[in-house]
Amino acid sequence: MVGRIVRWGAVLGLGAIWWWAVLRLALGEDAGVLEGAVAAGGWGLSLLPVHCVPKTRTAGAVGAERWVAAWRAGSARSATTASPHPRSGAGSGPS
């Protein structure tokens with residue numbers, strides 16, 4: 001219970017600081033680098049994928065052992081390869 005209160009307190013406190021910086025940038029004449037850095041940092045944090053789930057808990061995720069097996073099976077048989085480079089002096093199209 002204490003952990004939840006601390007977490008919510010940190011979220012609300014950091015949110016209040018971010019809004020202070022944004023409002024000061026928008027409305028204040030003497031806003032500086034500190035406010036800009038706080039506002040940009042908060043916006044940058046919003047771009048993080050915080051709703052990701054670890055691969056082990058996702059539905060239908062392929063486990064590491066299946067990736068290894070597929071990788072080894074692919075290297076055992078010949079895969080398609082790129083065409084060889086033309087020899088020097090050879091043109092790239094019809095002449």
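- Identified under the salt bridge (Lys or Arg N to Asp or Glu O under 4.0 Å) test for residues 18-27, with sequence neighbours left out: R24-D30, R24-E35.
- Partners of R7 under the side chain to side chain contact (heavy atoms under 4.5 Å, CB included) rule, at least two apart in sequence or in another chain, are R4.
- As a member of the Ile/Leu/Val/Met/Phe/Trp/Tyr network built from side-chain separations under 4.5 Å, I17 groups with L34, V38.
- For the side chain to side chain donor-acceptor pair (under 3.5 Å) condition, no pair includes a residue of residues 9-22, sequence neighbours left out.
- Hydrophobic cluster of V33: no remaining members, since no ILVMFWY side chain lies below 4.5 Å from it.
- In terms of heavy atoms, L25 sits closest to A39 at CD1-CB, 3.7 Å.
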